[in-house]
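First comes the structure, then the notes that go with it.
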Amino acid sequence: MEESQLIKLSKQGDGNSFNQLVEKYQKLAYNLAYRFMGQAQAAEDATQEAFLSAWKGLGSFRGENFKAWLLQIVANTCRDYLRANRRHPTTSYEDLLVDPSPTLVTNEKSLELEESLQRGLAQLPHEQRLAIILSDAIGMSYEEIAQTMGCNLGTVRSRLSRGRESLRNWLLAHGELLGR
Amino acid sequence: MFGFLRQQNEKWVKERLSLYLDGRLDVGQRAKVESHLKDCLVCRDELASLQATVEALKKLPLVETPRSFVMPALKLSPRPVTFYRLRMATVAVSVLLVAVIAGDSLGMFFRPEALKPVMAPAPAAMPAPPPPAASMAESPTAAPTAVPAPASQPAPVPRFAPTPVPATAPQAAEAVPRLAPAPLPTPTPGIGAFQMQQAPSSLPAPLPVPPSAGKDTTSGDTGANAATSAPGLTPAEIPPVGSAGKAGTRAFSGADDKAAPPAPQPSPVPGGQSQAEILQPTSEPPTPSQTPSQTPEYLWPVRQFEIALVAFILILISVTTYFWLRGKKE
């Protein structure tokens, strides 16, 4: 069944259709949450909460790009989670960043680089971090990023350029930019 | 100068390195960047480090989800749609109720013909043009000759039974027609009478004042006004002559502030008709102020509709609350 049909049925209250959309986008949503927050458990909670929010707010979906709309909800949920965690920290931010990806268990060098990138991303402002993750880690186009972030293309270019530069400088400063 | 331009160019290129990597520059900008990169070692270095960063980011693997985020059937009950529609319905009916109440209070639902008697009663209650001679005393135009009636007085009633009780404002106003002494023979009015005749500007000519009134006025009192203004009382109710001036003064001032009754004193009436006869109670058409207010008819049963809307809103709120509590429990 096509995505538009699934969305239409979901808006009419069909939970099975919405679950098909969940299956289609859950990996993307979880990866965004994981890269944005840096901790597996927090990303899992945020992803589940985001899907629930999407189900509740599906009636207000008027756009054409369901993926951008869904990832915007995920990003907002992650931001709210981080803000709440900053006000009431239960774990240190360093703890949030040393959670290794389950797939990187064999390559020690790749694991180090991933941890370095994750630490570097954590230093960036939310908007720059989100732009970099959407562009480079998830592979979205500038147009999709603009839809997801709710801004224009110029803002996307600016955030992406400044974010990459800041991340590059951070990695260079910590001697962790490998492969040069 | 050359160094400044080179710095500006280098800054311009550095700002576009990220876009250059993504291939988001147009042909001209791309050529300019590439031209600069050939000559600038610093910018080439920047580009290499930036490219390494982006490549490292792109090499980040997509992490497998720790579990499926497919939601169980309980969470996917049709509650959101039902709840949303119920809320919208409640809001819509509430807005409708407010609109109906507002329209009702503004009188938008009355029958147009039901408003006519209320809106234009005055012409029907206007007295007919007075007969020439004896009815001058009853004419509304003659009324202000004796007492300067306030402008806000209602249309006068030609004949009205006097009451000995202290008059209220309407009663004082209604006494005005009685006070007009019709064709009285005395051509030399007293000062008080003259002043009273000058007061209404609509009077065509000063009316004559009876001799008794002239006497009273010559006594230096405005009692002439009162003396001629209360002809309807019986002689037993007439106060002593010595007190007539004071009573008349009180009556005059009372007529001004619409509170005190006019001083009783009989005055001659032409045609051999006593004032008591003239002022007999008659069945006169009510003045507009006395017209019983009619309850306007509605175009449709507005009250019943409002009650039904309130009941419907209460039902909607109850059902919405039920769904909300059920969803919260789930």
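Bear in mind the structure is a predicted one, so any value in this text is a computation, not a measurement. Chain naming here is simple, since letters A, B, ... match the order of the sequence lines and numbering starts at 1 in each. Note: hydrogens, waters and symmetry copies are ignored here, and every other heavy atom, side chains too, is used.
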### Query
Got B:Val54 and A:Arg164 here, is their nearest side-chain heavy-atom distance under 4.5 Å?
yes
### Query
B:Glu64 and A:Tyr30: which non-hydrogen atoms are nearest, and at how many Å?
O-CE2, 3.7 Å
### Heavy-atom contacts under 4.5 Å, residues 21-40 of chain B to chain A
B:Asp22, B:Arg24
## Note on the structure
On a heavy-atom basis, the closest approach of B:Ser49 and A:Arg168 is OG-NH1, 2.7 Å
### Summary
salt bridge (charged side-chain N to carboxylate O under 4.0 Å, His left out) filter on B:Glu55, not counting sequence neighbours, yields none
### Query
Applying a criterion of heavy atom separation less than 4.5 Å, what residues of residues 8-20 of chain B form contacts with chain A?
B:Glu15, B:Ser18, B:Leu19
### Task
Starting at CD1 of A:Ile133, measure out to CG of B:Leu60 and round the result to the nearest 0.5 Å.
9.0 Å
### Message
Minimum heavy-atom separation for B:Phe69 and A:Val22, please, with both atom names.
### Response
O-CG1, 3.4 Å
### Query
Just by distance, do the side chain of A:Asn31 and the backbone of B:Val63 share a donor-acceptor pair under 3.5 Å?
yes
### Message
How long is the straight-line distance from NZ of A:Lys27 back to OG of B:Ser68, given to the nearest 0.5 Å?
### Response
13.5 Å
### Query
More than 12 heavy atoms of other residues, nucleotides or ligands under 6.0 Å from OH of A:Tyr142: is that the case?
yes
#### Entry: For A:Glu127, all residues meeting salt bridge (charged side-chain N to carboxylate O under 4.0 Å, His left out), sequence neighbours excluded
A:Arg79, A:Arg159
### Summary
Between B:Leu62 and A:Ala137 the two heavy atoms that sit nearest each other are CD2-O, 4.2 Å
### Task
Starting at NZ of B:Lys59, measure out to CG of A:Asp136 and round the result to the nearest 0.5 Å.
13.0 Å
### Query
Once you round to the nearest 0.5 Å, how far does CG of A:Leu171 lie from CG of B:Leu50?
11.0 Å
#### Entry: Interface moiety of A:Ile132 toward chain B, non-hydrogen atoms closer than 4.5 Å
side chain
### Query
At their closest point, which heavy atom of B:Thr65 faces which heavy atom of A:Gln26, and how far apart are they?
CG2-O, 3.7 Å
